[in-house]
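Computation of the quantities below employed the complete heavy-atom set of this structure, encompassing side-chain atoms and omitting hydrogens, waters and symmetry-equivalent molecules.
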Amino acid sequence: MDRANFYDEVYQVVRLIPKGRVTSYGAIAEYQGTKGSSRMVGYAMGACGGIQPPVPAHRVVNRVGLLSGKFHFGGGTMEQLLASEGIKVKDNQVQNFRELFWNPSTELAL
DNA sequence: TACTTGACAAAAG
DNA sequence: CCTTTTGCCAAGT
C-alpha cells in the first residue's frame, strides 16, 4: 500500500467501520502494519476535521473502549453519535465494547 | 536534519 | 487495581 498519506489510509479504514460498531486505534494501526503508530491513528483523527467525506471518528476509541478523544471531537457529540447508532456509553466508555469491537484485520482482511 | 508532540498500547511496580 | 515507565512511528516546528 502506498502510505504516502498515512492519514488518508486511516480515514479510509475508519469510514469502513460498520454502523453500530467500534474499533481501536491500535487495531487500525495494526491493520496498516504499523502497530507502533497507534498514536498516529489518533493523531490523524485530530486532523480529520473538515475532510470529505466525514470520518466517523466517534467509532474509534482506545483499547478499552474509552472515548479518549471525545473532548477533541466536541465534548458530548461523540457520545451522542454513538448512542444514535445503538452503542451504549457509560462514563466515557463503550459498554459491551468487546462485542461491538470491529477488527479490520479480521473483518476486512482478505 | 534534529527535537518535540501525541484522540495509544503493553508491561512493570 | 492503580500508577508509572517504555516502546513505537509519523508529522510539525
Side-chain angles (χ1 to χ4, degrees):
Chain A
M1 300 222 282
D2 189 279
R3 54 194 67 179
N5 288 349
F6 184 89
Y7 285 21
D8 198 41
E9 292 272 311
V10 175
Y11 301 146
Q12 297 231 23
V13 177
V14 174
R15 282 194 223 111
L16 292 172
I17 301 173
K19 179 189 168 204
R21 287 296 191 80
V22 291
T23 192
S24 64
Y25 302 97
I28 296 173
E30 187 173 31
Y31 172 73
Q32 306 219 288
T34 53
K35 184 184 172 193
S37 61
S38 48
R39 321 164 68 145
M40 289 287 80
V41 179
Y43 199 84
M45 299 280 91
C48 75
I51 55 179
Q52 272 282 329
V55 178
H58 56 276
R59 293 184 189 149
V60 186
V61 294
N62 70 357
R63 75 175 182 89
V64 294
L66 192 67
L67 307 190
S68 42
K70 96 163 187 180
F71 301 105
H72 296 261
F73 207 83
T77 307
M78 201 165 175
E79 295 164 53
Q80 200 72 79
L81 289 166
L82 289 169
S84 299
E85 300 188 356
I87 299 175
K88 306 294 191 297
V89 179
K90 185 80 170 184
D91 190 38
N92 298 337
Q93 187 171 20
V94 176
Q95 299 303 285
N96 209 16
F97 171 68
R98 203 168 154 169
E99 282 186 38
L100 296 172
F101 183 70
W102 180 80
N103 189 333
S105 300
T106 303
E107 306 293 316
L108 199 61
L110 301 177

In 5'-to-3' order, the base (B), backbone-only (S) or no-contact (-) status of each nucleotide in nucleotides 6-13 of chain B, using a 4.0 angstrom heavy-atom cut-off, is BBBSS---
Listed once per pair and sorted, the ring pair (Phe, Tyr, Trp, His ring centres under 6.0 Å) pairs that draw on residues 86-108 of chain A, sequence neighbours left out = A:Phe97-A:Phe101
Would you list the pairs meeting salt bridge (charged side-chain N to carboxylate O under 4.0 Å, His left out) in which at least one residue belongs to residues 82-96 of chain A, sequence neighbours left out?
-> A:Arg59-A:Glu85
Not counting sequence neighbours, which residues clear side chain to side chain contact (heavy atoms under 4.5 Å, CB included) with A:Ala83? List them please.
-> none
Listed once per pair and sorted, the ring pair (Phe, Tyr, Trp, His ring centres under 6.0 Å) pairs that draw on residues 64-96 of chain A, sequence neighbours left out = none
With sequence neighbours excluded, tell me which residues meet side-chain hydrogen bond (donor to acceptor under 3.5 Å, both in side chains) with A:Ser37.
-> A:Thr34
Identify, residue by residue, the members of residues 79-88 of chain A with a heavy atom below 4.0 Å from DNA chain B, and return them in order of residue number, or none.
-> none
For A:Val64, which fellow cluster members are found when Ile, Leu, Val, Met, Phe, Trp and Tyr are connected by side-chain heavy-atom distances below 4.5 angstrom, either directly or through intermediates?
-> A:Leu66
Residues that A:Glu79 engages under side-chain hydrogen bond (donor to acceptor under 3.5 Å, both in side chains), provided they are two or more places apart = A:Lys70
